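Quick caveat: nothing in here was measured; it's all calculated off a predicted structure. Residue numbers start from 1 in every chain, and the chains themselves are labelled A, B, ... in the order their sequence lines are given, proteins ahead of strands.
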2 protein chains.
Amino acid sequence: MNFTSIPTAQIQDTMARLSYFEGWDKEQLARLAVGAKQFALLRKEKLAAKGDRLEALYIVVSGQMRLFIPLSNGAERVVSLVERGDGFGEPCLIQDEPCPFEAVAGKDSHLIAIDKLVYRRELRQSQAMTERTLNLISQRLLHTLHDIEICAQPSSLQRVAHYLVHLRPPSLDTEQEFRLPALKRDIAAKLGLSQETFSRMLAFMAQQGFIQLSGSQVRVDDWNRMHGLAKAGCPMEVAGKN
Amino acid sequence: MNFTSIPTAQIQDTMARLSYFEGWDKEQLARLAVGAKQFALLRKEKLAAKGDRLEALYIVVSGQMRLFIPLSNGAERVVSLVERGDGFGEPCLIQDEPCPFEAVAGKDSHLIAIDKLVYRRELRQSQAMTERTLNLISQRLLHTLHDIEICAQPSSLQRVAHYLVHLRPPSLDTEQEFRLPALKRDIAAKLGLSQETFSRMLAFMAQQGFIQLSGSQVRVDDWNRMHGLAKAGCPMEVAGKN
DNA sequence: CGTGTCGTTGAGCGCTTTCAACCCTGGTGG
DNA sequence: CCACCAGGGTTGAAAGCGCTCAACGACACG
């Protein structure tokens with residue numbers, strides 16, 4: 001964890017450019033920046049272990065953080081992949097509870113750490129900030145429920161189909177080609193699948209003409225058919241010849 | 001859905017006795033009670049479908065609500081079992097998003113519905129209420145993450161063990177006997193297991209001396225051994241004779 | 001050209017599900 | 001008092017799906 005000593009004013013400046021703080025008061029940011037630190041993490045470097053007491057709110061400035069629950073068989077269940085402009089740790093700080101996941105850098109990253117006490121003090125004193133945070137956490141809870149919905153799908157094929165469908169939102173009316181937002185391994189771990197199964201399902205969908213894929217580029221020609229896959233329990237039929 | 005026309009004052013009175021509103025201002029409750037309705041639900045009666053726009057915050061006065069995600073194979077993935085004094089729907093109201101689950105009465109129940117507009121107005125105007133709600137939702141997010149952790153366990157035996165361990169909190173230092181907090185069917189659906197598998201795992205744990213059970217009464221003699229089960233990937237070994 | 005990371009493919013096993021029948025309990029009405 | 005029924009739960013047998021292990025391929029980097 002490489003602390004590059006950076007003046008508060010510059011940290012505040014960086015914060016102002018992050019989507020996390022979009023629309024926040026300038027004075028609010030100034031107060032939050034007090035005692036905040038910026039630092040770098042190397043790929044695979046661990047920031048927090050499951051059960052740790054977090055001492056700060058973390059915001060990703062660049063890179064990516066993998067939040068996951070370590071499993072007894074050595075595997076991981078990815079809970080969230082935090083990209084630039086997003087943060088994590090609010091519920092732990094607010095409730096003073098141990099961290100429910102492990103936080104490891106997925107790439108070389110830069111983060112900002114906002115001191116826990118400062119954070120809580122500001123939260124207590126600013127209605128606007130409390131509201132924003134409530135919105136944020138509500139959003140995140142809904143998002144988590146949606147993740148659960150995906151993982152609850154009875155077959156792995158449906159899980160992947162559901163995931164792809166959920167990946168559409170950014171106006172893919174004309175552009176139906178996109179790239180997977182993370183390593184396939186991590187996506188698999190988020191869907192509760194092994195890397196191998198995820199690969200096989202993608203291959204199957206390609207072979208059946210649901211998608212075309214090269215590397216992490218994916219093209220979906222017919223979203224309706226994809227929706228069908230997500231809902232219908234097509235039992236991965238003979239797949240021999242159609 | 002049987003609306004028993006009840007005066008606002010009496011609803012406010014009922015609210016004051018619910019743990020959900022513990023410590024809230026009396027005036028706050030009075031304002032929230034305006035436009036609130038109390039009603040009864042019969043066992044299995046549906047209150048909201050997945051995708052519905054909720055028009056109220058719901059608080060359970062008696063009975064139990066099952067919140068679940070319906071699956072394509074007709075099964076359900078229980079997300080939460082809401083008992084007396086708890087509520088649901090806040091994130092949907094706050095974010096104005098469709099309901100991510102289905103809400104059905106698990107038993108004959110009585111609920112209070114607090115009008116969406118009233119709720120949001122009060123939330124906007126009261127720092128205290130925003131804070132409380134933020135705490136509530138944070139708590140719920142952490143709880144949901146823990147549920148994910150349980151469901152992520154690689155074997156069903158570990159899932160059940162984890163679940164039982166998590167059921168301990170209420171000072172079971174002396175009293176290590178308790179009863180399951182819901183129908184086994186619903187617990188199974190919350191663990192992402194079929195009813196049959198859940199039954200088998202309990203039977204196995206009983207046969208191996210991890211627990212004693214009669215009906216929904218469970219006694220755990222050695223919590224350490226149970227912890228062991230939850231973490232170690234004991235692959236349901238031969239179980240023949242020890 | 002070696003090394004590390006990411007991903008694909010193949011073969012085999014075993015757990016979980018599914019479908020089925022059966023048991024048990026409590027309530028109801030003749 | 002007992003027959004009957006509905007709901008909840010248990011148990012058995014069979015089948016399939018996803019995991020594990022392992023080897024291989026592709027690609028980037030130094």
Side-chain angles (χ1 to χ4, degrees), chain A residues 42-44 64 66 71-78 104-108 151-161 179-189 191-207 213-218 233-239, chain B residues 42-44 64 66 71-78 105-108 151-161 179-189 191-207 211 213-218 233-239:
Chain A
L42 290 172
R43 197 178 109 83
K44 291 195 173 183
Q64 180 204 58
R66 284 175 42 232
L71 302 179
S72 51
N73 59 359
E76 325 174 332
R77 176 70 166 67
V78 170
V104 172
K107 320 171 181 172
D108 295 352
C151 288
Q153 296 305 315
S155 87
S156 54
L157 187 60
Q158 284 172 80
R159 289 225 262 283
V160 176
R179 76 174 19 245
L180 298 177
L183 294 182
K184 292 187 181 173
R185 166 200 303 170
D186 289 330
I187 297 176
L191 302 185
L193 297 175
S194 71
Q195 183 181 190
E196 294 92 328
T197 301
F198 184 57
S199 175
R200 274 185 256 267
M201 293 306 116
L202 284 178
F204 175 78
M205 289 168 62
Q207 178 220 342
L213 71 108
S214 68
S216 67
Q217 284 293 329
V218 181
C234 162
M236 190 110 189
E237 39 208 50
V238 192
Chain B
L42 291 172
R43 197 178 108 85
K44 290 194 174 182
Q64 180 203 57
R66 285 176 38 235
L71 302 179
S72 50
N73 59 358
E76 323 174 333
R77 178 68 165 69
V78 170
K107 322 170 180 173
D108 295 352
C151 288
Q153 296 304 317
S155 89
S156 54
L157 187 59
Q158 285 170 81
R159 290 225 261 283
V160 176
R179 76 174 17 247
L180 297 177
L183 294 182
K184 291 187 182 174
R185 166 200 305 169
D186 290 329
I187 298 176
L191 301 185
L193 297 175
S194 70
Q195 184 182 194
E196 295 92 330
T197 302
F198 184 57
S199 175
R200 274 185 255 268
M201 293 305 117
L202 285 178
F204 175 78
M205 288 167 62
Q207 179 219 342
I211 62 174
L213 72 110
S214 67
S216 67
Q217 284 293 329
V218 181
C234 163
M236 190 107 189
E237 38 210 52
V238 193

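- Axis angle across the helix from dC1(C)-dG30(D) to dC19(C)-dG12(D), with five pairs used at each end and values rounded to 10°: 20°.
- Across all their heavy atoms, Ser194(B) and Thr197(B) have their closest contact at OG-OG1, 2.9 Å.
- Here Asp108(A) contributes atom CG and Gln64(A) contributes atom CD; the two are 11.5 Å apart, rounded to the nearest 0.5 Å.
- Computed from coordinates, the Met205(A) CE to dT8(C) C1' distance equals 17 Å when rounded to whole Å.
- A 4.5 Å side-chain heavy-atom check between Leu71(B) and Gln158(A) finds every atom pair outside the cut-off.
- Of all heavy-atom pairs spanning Ser216(B) and Arg179(B), the tightest one is OG-NH1, 2.8 Å.
- For the residue pair Cys151(A) and Arg159(A), the shortest heavy atom distance occurs at O-NH1, 3.3 Å.
- Between the C1' atom of dT8(C) and the CG atom of Leu193(A) lies a distance of 16 Å, rounded to the nearest Å.
- In this model, the phosphate group of dG18(D) is not approached by any side-chain N or O of Ser194(A) to a distance below 4.0 Å at OP1 or OP2.
- Evaluation of the side-chain hydrogen bond (donor to acceptor under 3.5 Å, both in side chains) rule for Glu76(A) yields Arg66(A) as partners, not counting sequence neighbours.
- Here the CZ-CD distance, from Arg185(B) to Glu196(B), works out to 11.0 Å after rounding to the nearest 0.5 Å.
- Residues passing the side-chain hydrogen bond (donor to acceptor under 3.5 Å, both in side chains) test with Ser156(B), sequence neighbours excluded: none.
- Interatomic distance, CZ of Arg200(A) versus CG of Leu193(A), reported as 11.5 Å (0.5 Å rounding).
- Atoms CD1 and CZ, on Ile187(A) and Phe198(A) in that order, are 5.0 Å from each other to the nearest 0.5 Å.
- Here the C1' atom of nucleotide dT8(C) and the CD atom of Gln207(A) are 14 Å apart, to the nearest Å.
- Within 4.0 Å of Gly74(B), counting heavy atoms only, lies no atom of the nucleic acid at all.
- Rounded to an integer number of Å, the gap from Leu157(B) CG to dG14(C) P is 17 Å.
- A 4.5 Å side-chain heavy-atom check between Gln153(A) and Val160(A) finds every atom pair outside the cut-off.
- Computed from coordinates, the Lys107(A) NZ to dG4(C) P distance equals 23 Å when rounded to whole Å.
- Dashed line: the shortest gap from a side-chain N or O of Asn73(B) to OP1 or OP2 of dT18(C) is under 4.0 Å.
- Atom CE of Met201(A) and atom P of dT9(C) are 12 Å apart (whole Å).
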Could you list the protein-to-nucleotides 25-27 of chain C atom pairs, N/O on both sides, closer than 3.5 Å?
none

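- Between the P atom of dC17(D) and the CD atom of Gln153(A) lies a distance of 16 Å, rounded to the nearest Å.
- What you find for Arg43(B) and Gly106(B) is that their closest heavy atoms are CG-O, 3.6 Å.
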Exercise for review: Starting at the 5' end of nucleotides 5-11 of chain D, put B wherever the base has a protein heavy atom under 4.0 Å, S where only the sugar-phosphate does, and a dash everywhere else.
Suggested key: --SSBSB

Revision key, fill the gap. Given protein heavy atoms under 4.0 Å, the one-letter contact record of nucleotides 25-30 of chain D, with B base, S sugar-phosphate only and - none, is simply ------

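- In this structure, Leu202(A) CG and Leu213(A) CG are separated by 6.0 Å, a value rounded to the nearest 0.5 Å.
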